[in-house]
Each structure stands twice: as structure tokens, then as C-alpha cells.
2 protein chains.
Amino acid sequence: MQKYSSSKENYLKAIFHLQKSDGVVTTNDVANELQTRPASVTDMLKKLKAQKLLIYERYKGFKLSQEGRKVALQIIRKHRLWEYFLVEKLEFGWDEVHEIAEELEHISSKKLIDKLDEFLGFPKTDPHGDPIPDSQGKFTLVKQVDLLHLPVGKSGDVSGIGDQSPEMLELLKHKQISLGTRIEVKKVFAFDNSLEIKVRNQNVVTVSEHVAKNVFVKYDE
Amino acid sequence: MQKYSSSKENYLKAIFHLQKSDGVVTTNDVANELQTRPASVTDMLKKLKAQKLLIYERYKGFKLSQEGRKVALQIIRKHRLWEYFLVEKLEFGWDEVHEIAEELEHISSKKLIDKLDEFLGFPKTDPHGDPIPDSQGKFTLVKQVDLLHLPVGKSGDVSGIGDQSPEMLELLKHKQISLGTRIEVKKVFAFDNSLEIKVRNQNVVTVSEHVAKNVFVKYDE
DNA sequence: AAATAAATTTAGACAAATCTAAAACATAAT
DNA sequence: ATTATGTTTTAGATTTGTCTAAATTTATTT
């Protein structure tokens with residue numbers, strides 16, 4: 001695998017993520033995601049095409065090539081492994097690691113990341129519950145149900161967070177909800193779809209529909 | 001501490017190192033050290049001066065400012081802590097970590113490096129025996145001498161090998177001496193200047209004067 | 001289908017870091 | 001002290017990634 005500039009890697013990663021959620025990606029989407037201008041995106045699309053990382057025809061849209069997807073997955077692998085390292089080994093809060101991982105993900109050594117993976121015990125998900133691609137770019141999709149769809153009375157383990165904004169993460173931290181936390185839905189208020197939930201089999205707290213929709217859990221049956 | 005480009009950081013680091021060894025640093029030295037051209041160095045000197053990281057007057061030479069030295073020391077701190085991490089935690093060989101650390105040293109988070117320091121147990125020297133500056137940029141100066149001049153009773157870390165012939169390396173390997181190995185001189189026999197040394201705080205072995213003259217160690221004070 | 005709006009691309013510019021070739025300066029040698 | 005040598009700097013160009021403003025293409029409305 002060749003080396004690409006940090007900027008190119010960021011474009012590939014952004015396009016990959018946008019493809020996952022939207023299906024179709026637009027120049028504007030990318031500009032918005034990367035906090036830049038549409039004209040800059042167009043410029044970069046041409047460069048990515050020239051390097052065969054992207055299938056692109058002017059005005060007709062674009063998508064990652066096989067190679068582009070492969071590169072994107074390796075960046076994501078690095079990002080998530082570093083996040084895991086920061087939280088599990090350096091004891092960072094899970095809400096403060098994203099920014100640092102944005103830098104670390106561009107360190108190029110493949111051997112470094114494979115040794116880091118081994119050192120960490122080959123974790124399958126990062127601190128936010130997102131799956132970590134393996135050395136070949138493969139990863140197991142995790143089945144997740146959002147809190148709103150966890151049946152009342154059932155308990156589940158938090159396995160992922162949708163909205164990972166600092167504000168959301170701060171709220172979850174305050175309510176002591178993190179990855180792996182056991183949660184039981186006690187009551188759903190039809191009025192506003194707010195929930196009363198029991199956290200860690202201990203304290204009962206209330207969360208809004210917005211929060212519930214962005215907390216994913218795994219549960220038996 | 002502000003953030004500077006990787007390129008600027010590399011210049012500061014190079015100038016710092018050249019100041020240490022030569023005393024006086026020249027444009028050519030820096031160009032040589034950084035594998036670049038003298039004209040490029042001059043360009044950068046002007047930029048570093050504009051940011052008050054360098055005292056510089058055209059044709060009259062230059063040296064780091066207080067601030068420049070401070071920044072350089074923080075880069076060196078990061079470089080050496082990452083090297084320590086790579087060798088001690090990820091089990092890299094001491095001879096393969098430099099290049100990777102050259103990238104890692106430019107990761108900006110101060111909190112990251114302080115937490116890494118803590119995670120590693122506040123090591124005082126890197127795998128090559130070079131001192132790691134603390135969070136304030138302070139570090140204990142180390143002396144480098146050949147084994148024959150390491151005071152009896154003092155411990156030092158192997159930092160270099162003079163004669164690197166295969167025969168010498170084979171001997172050192174057999175006695176389990178490599179770069180970074182801790183050695184304490186137990187006794188010097190006046191008869192032939194042969195030494196009894198304790199290796200890795202464990203086994204005591206004997207080496208000839210010829211060997212001792214070609215093994216260099218660094219030690220505090 | 002024509003007009004309007006929105007998205008996308010081009011054209012031309014800029015900053016950072018580098019380069020080559022030529023000019024300016026300093027040093028050493030006769 | 002003048003010349004020869006070597007070092008350092010300037011001038012002008014290049015590359016990468018970005019920008020603004022204008023032009024072009026596509027989509028939406030009426």
C-alpha cells in the first residue's frame with residue numbers, strides 16, 4: 001500500500017463514511033464534512049481520480065474505487081485502534097480521544113499498527129462500539145437496536161453511539177453510560193418518547209428520544 | 001506552546017542537535033542534516049526568525065532563541081518517549097524505531113505525551129541511552145565515555161560501538177551486550193586493563209581492554 | 001419549455017515548502 | 001591586497017492544498 005498525504009486520506013475516509021450512511025455522496029456533502037469549500041473538493045476529486053482511488057466523471061457524481069475503499073478502511077482501522085489504545089492504556093475519557101486519533105491515524109508504518117493491534121489483544125470494537133477492521137480490511141458488522149426499540153423490561157449492553165458529538169458524549173458521561181454499560185428500559189412516555197432507564201442495575205435516569213435514538217444496545221433474544 | 005508545522009519542528013530539532021555537537025551551526029550543516037538544499041534552509045531561517053524561534057542575521061550565523069530551544073526539547077521529549085514505547089511495549093528492535101518516532105514526534109497533544117510518559121513509568125532515557133527531557137524540558141546531562149573510563153561502581157547504558165566488525169558484534173551478542181544494555185563496572189585489573197562488568201544487572205562477565213575501548217556508554221552526572 | 005435556483009466546476013490567485021541558477025558575501029591563499 | 005574558493009542569500013519557479021468569484025451544468029418551478 002502506497003503512502004498518501006494526510007489530506008487525501010481524510011478525503012477518502014470522509015467519502016467512505018458518507019457512502020455508508022447516505023449511499024450517494026455529493027461534492028457539497030464532502031465539503032461540509034471536511035469543513036472546506038466545494039471548489040476545493042472538486043480539485044481533490046480530480047487528484048484522487050488520477051491516482052485511481054476514485055471513480056469520477058464531472059457533474060456525474062463519484063464513488064471510491066476498490067483501492068480507495070481499501071485505503072479508507074486502513075485509515076479507519078488505525079483511527080479506531082489508536083482510540084482503543086488511548087482509552088484502555090492511557091486512561092483517556094472516551095469523549096476526548098477522537099481529535100488525537102485524527103492525527104495518529106496518519107502515521108504510516110503498517111508494522112506499527114499491526115504490533116499495536118497485537119499489544120491491545122486484537123480488539124474488535126473501539127471505545128464507541130464501532131468495529132475495527134482487521135489487517136485485511138474485514139470487519140464483522142454488529143447488529144444494534146437503538147434504545148427506543150429495546151423492549152420495556154429487557155436489559156441490553158451498550159454497543160455503539162450514533163451521534164458522537166462532544167455534547168452527546170458529555171451527556172452520556174454524566175449519566176454514566178459508556179460502552180458495555182448494562183441498561184434496562186423501565187418506561188417509555190408516549191407524550192414525548194422520553195425514557196426512564198436503569199443504568200448499571202443501579203440508578204434510574206431519564207433520557208430524551210433524541211438520546212435514545214443514538215444509543216445502540218445488544219440484547220439476548 | 002503554539003503549534004508549528006512538522007517541517008519547522010524538524011529544523012528546530014536539527015539545529016538543536018547540531019548546536020550540541022558542533023557549537024557553531026552553519027547553513028550547510030543544516031542542509032546536510034535535513035537532506036535538503038542550502039537555499040531552502042535560508043528560506044526557513046527567515047521564517048523561524050519571524051516567529052522568534054531563532055536569532056539570525058544574514059551572513060552572520062544563527063542560533064535558537066530561548067523559545068526555539070524550548071520547542072526543540074519538547075519534540076525530542078516526544079521522539080524519545082515514543083521510541084521507548086515502541087521498544088518496551090510493542091517489542092520493536094531498538095534499530096527500527098527511529099523512523100517511526102520521526103513521525104510520531106509531531107503529534108501535537110501535550111496531554112497525550114504526558115499520559116504516555118506516565119504509562120511508561122517516567123523513563124529517564126530512551127532505548128539508545130539518550131536522556132528524555134521532562135515536561136518542563138529539563139533533563140540530566142549524560143556523559144559518554146568508553147567502558148574503560150566508566151568509574152567503578154557506576155552504571156551506564158551502552159550507547160555506541162566503535163569497532164563494528166562481525167567478530168566484535170558476535171562477541172557482544174554472546175555476552176548479551178547490545179545498545180541500551182545497562183552495564184556496571186565491578187573491577188579493573190591493572191595487569192592487562194581487562195574488566196569485570198555486570199550486564200543487565202545480572203550476569204558478571206570479563207572483557208578485554210580492546211573490547212572495553214570500543215564500547216561506549218552514557219551515564220548520569 | 002422557459003426561468004429560476006442550486007450544485008458543480010473552472011479560472012486565477014495565494015501560502016508553505018521546496019528547488020535551480022545566479023548573485024552577494026566571507027574566507028583562505030598566494 | 002587581490003584573487004580564488006566556498007558559503008550563503010536572492011530571484012524566480014514548482015508542487016500541494018486551499019481559496020474566491022465567475023461560469024457552467026443540472027434540477028426545480030411555474
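Per chain, numbering begins at 1; letters A, B, ... match sequence-line order. From a predicted model like this one, the values you see are computed outputs, not experimental measurements. What's counted below: heavy atoms across the whole structure, side chains too, no hydrogens, waters or symmetry copies.
Interface limits on DNA chain C: the 5'-most and 3'-most nucleotides within less than 4.0 Å of chain A heavy atoms are C:dA7 to C:dT10.
Remark: side-chain polar atoms of B:R80 are not paired, donor with acceptor, to backbone N or O of B:D130 under 3.5 angstrom.
Note: NZ (A:K47) to P (D:dT18) measures 7 Å, nearest angstrom. If you measure from atom CD of A:Q51 to atom P of D:dT15, you get 15 Å, rounded to the nearest angstrom. Residue A:H106 contributes atom NE2, which lies 12 Å from atom P of D:dG17 at whole-angstrom precision. Rounded to whole Å, atom C1' of D:dA27 lies 13 Å from atom CG of A:N28. Between A:L48 atom CG and D:dT16 atom P the separation is 13 Å, expressed in whole Å. For the pair B:R37 CZ and D:dT15 P, the interatomic distance rounds to 17 Å; values are reported in whole Å.
Dashed line: the shortest gap from a side-chain N or O of B:T27 to OP1 or OP2 of D:dT9 is under 4.0 Å.
B:S7 comes within 4.0 angstrom of sugar-phosphate atoms only, judged by non-hydrogen atoms across all strands, and of no base. B:F62 comes within 4.0 angstrom of no nucleic acid atom, judged by non-hydrogen atoms across all strands.
By the 30° and 60° cut-offs, the orientation of the rings of A:F119 relative to B:F85 is perpendicular. The aromatic rings of B:H79 and B:H98 lie tilted to each other, with the angle between the two planes from 30° to 60°.
Of the N and O atoms on the side chains of B:S109 and B:K115, not one donor lies less than 3.5 Å from an acceptor on the other residue. Side chain to side chain, A:S194 and A:D192 meet the donor-acceptor criterion of an N or O pair below 3.5 Å. Between the side chains of B:S108 and A:E103, at least one donor N or O sits under 3.5 Å from an acceptor N or O.
Comparing A:D43 and A:R58 along DNA chain D, the residue whose closest nucleotide (by nearest heavy atom) sits nearer the 5' end is A:D43.
A side-chain hydrogen bond (donor to acceptor under 3.5 Å, both in side chains) with A:N10 holds for exactly one of A:H106, A:E102, A:E33; it is A:H106.
Closest to the side chain of B:P38, from the set D:dT9, D:dT16, D:dT7, is D:dT9.
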